[in-house]
Number of protein chains: 2
Amino acid sequence: MGLTEGLQDCLKAILLCEKKHPFVRTKHLAQSLGVKSPSVHAAVKELTRLGLVEHESYGHIEFTPRGRREAELVYTRHKVLYRFFTEILGLPEDVSENNACGIEHHLDENSLEKLSRFLDFLDSKSEESDKFTRELRETLDEE
Amino acid sequence: MGLTEGLQDCLKAILLCEKKHPFVRTKHLAQSLGVKSPSVHAAVKELTRLGLVEHESYGHIEFTPRGRREAELVYTRHKVLYRFFTEILGLPEDVSENNACGIEHHLDENSLEKLSRFLDFLDSKSEESDKFTRELRETLDEE
DNA sequence: TAATAAAGTTAGAATACACTAACTATATTC
DNA sequence: GAATATAGTTAGTGTATTCTAACTTTATTA
C-alpha cells in the first residue's frame, strides 16, 4: 500500500473515533491526532482519493472496506508496541501511546512479529512464576 | 538541543566515519547515510552553523567539542535499540541497524533508560540459567 | 603539465507535513 | 427565522528532507 505516516495515523484515528462517536468528524480526528483541522482535512482528502474512506463535504467520514482493512493493520502494529511499553517496560499509558505512535512506522513486519512473540514468551514466563515479573518490576522501578 | 532527525543522523554518521577513515568527507557520509551528496552538504552546513562541526570548503569535517558530545548522546541511544533487536529479538545486523535508526528519534530519555535496564535484566536472567535463553530463541525462531 | 576523473557545491524542484487566516456551510439558540 | 456559534474548507506559507542537473574545485594520471 505504501501509505505515508500521516495517512496511517489518520486511518488509526478514524478507527478509534468510530468507537467513541456515532459519526466520525474532522473535529474528533483533529483532537485525537493533536493537529489542526486543515491538516486533517488534507489527510482525509488524500485518503478519499486513494479510495480508503468516503467523505461528503461537511459530512462525516466512513471507511471503505479496503480502508478498514488498512486501518486494522496499522492498529495491530500499534497495539504490539503499546503492549511492550506498558506491560513490559511499565511506562504510563500516555507515554506508551506516544512511543508506539512514533515507532510503529519504522518497524517491518518481521520485526513486529518477533516482538509479538517475545511478548507472548514473557507472558508465559510470568505465568510460570511471578518471581520473574516481580524481579523485572524491581529492576525497572529502582531509583 | 532540539536537533532534527536528519542532523542527528548526520552526527552519528560522522562519529562512525571517524573510526573508519582518517578524515571524514562528504562522500563517506553520503554512503553511510544512503543519501546523495547535496543532502549531506546541506546537513553539514547546518551543523556548522550550529557550531557542532567545522568544515572548510572542499575539505574534511571535524567535530567541535559540543558536536562530539551531541553525537555520542545520539549514538548511545542508538546502541540500546540495536542491542535490543540483535540480542533479544535475534534480528540480523542490517535489520537491527535500520530499526534502531528509524526508532531512536522517537523515544524519550526515560523510555530508553527503562529499555536499557530491561536489557540488563534479561542478560542477568540468561546468566542465571541458559534455559531462559534457549527457550526464548526457540520461541522466536519457530515457523 | 594538461586532460580527465572524482569529489564537493549550488540552484532549483518535489514531497510530506504542519500551520494561520479568511471564508463558507451547518447547527444552535434566542 | 435571524443572529450567533461551531465546524469544515480553501489558500497560502514554512520547515525538513530529499532529489537532479549543472557547475567548481581538487586529485589523479598519461
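Lettering follows sequence order; numbering is per chain, from 1.
- Counting heavy atoms from C-beta outward, Ile61(A) and Leu47(A) have side chains that stay 4.5 Å or more apart.
- Under the salt bridge (charged side-chain N to carboxylate O under 4.0 Å, His left out) criterion, the residue pairs touching residues 55-75 of chain B are Glu18(B)-Arg68(B), with sequence neighbours excluded.
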For residues 24-39 of chain B, dump all side-chain donor-acceptor pairs below 3.5 Å to protein atoms at least two apart in sequence or in another chain.
from, atom 1, to, atom 2, distance (Å)
His28(B), ND1, Arg25(B), N, 3.3

Under 3.5 Å, which protein N or O atoms sit close to an N or O of nucleotides 4-7 of chain C? Give each pair with its distance.
from, atom 1, to, atom 2, distance (Å)
dA7(C), OP1, Lys27(B), NZ, 2.6

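- No hydrogens or angles considered: nothing links the side chains of Thr133(B) and Asp130(B) as a donor-acceptor pair under 3.5 Å.
- For DNA chain D, the outermost nucleotides in 5' to 3' order that have an atom under 4.0 Å from a heavy atom of chain B are dA16(D) to dT26(D).
- For Glu54(A), there are no side-chain hydrogen bond (donor to acceptor under 3.5 Å, both in side chains) partners two or more places apart in sequence or in a different chain.
- Between His106(A) and His106(B), the ring planes are parallel. Angles under 30° get that label, and only those over 60° would be called perpendicular.
- Residues Leu112(A) and Thr76(A) fail the side-chain proximity criterion, which asks for heavy atoms closer than 4.5 Å.
- DNA chain D is contacted by Ser37(A), Pro38(A), His41(A) of residues 28-50 of chain A, taking any non-hydrogen atom closer than 4.0 Å.
- Nearest-nucleotide assignment on DNA chain C puts the 5′-proximal partner with Thr4(A), out of Thr4(A) and Ser57(A).
- Map Glu5(A) and Val24(B) each onto its nearest nucleotide of DNA chain C; the residue landing nearer the 5' end is Val24(B).
- Taking a 6.0 Å sphere around CD of Glu128(B), one finds it holds more than 12 heavy atoms contributed by other residues, nucleotides or ligands.
- Under a hydrophobic clustering in which Ile, Leu, Val, Met, Phe, Trp and Tyr are joined whenever their side-chain heavy atoms come within less than 4.5 Å, directly or via other members, Val40(B) and Val74(B) fall into different clusters.
- Residue His55(B) is classed as a sugar-phosphate contact, given heavy-atom separations below 4.0 Å to backbone atoms only.
- Between His105(A) atom NE2 and dA16(C) atom P there is a gap of 14 Å when expressed in whole angstrom units.
- Between Asp141(A) and Arg117(B) no salt bridge is recorded (no basic side-chain N to carboxylate O distance below 4.0 Å).
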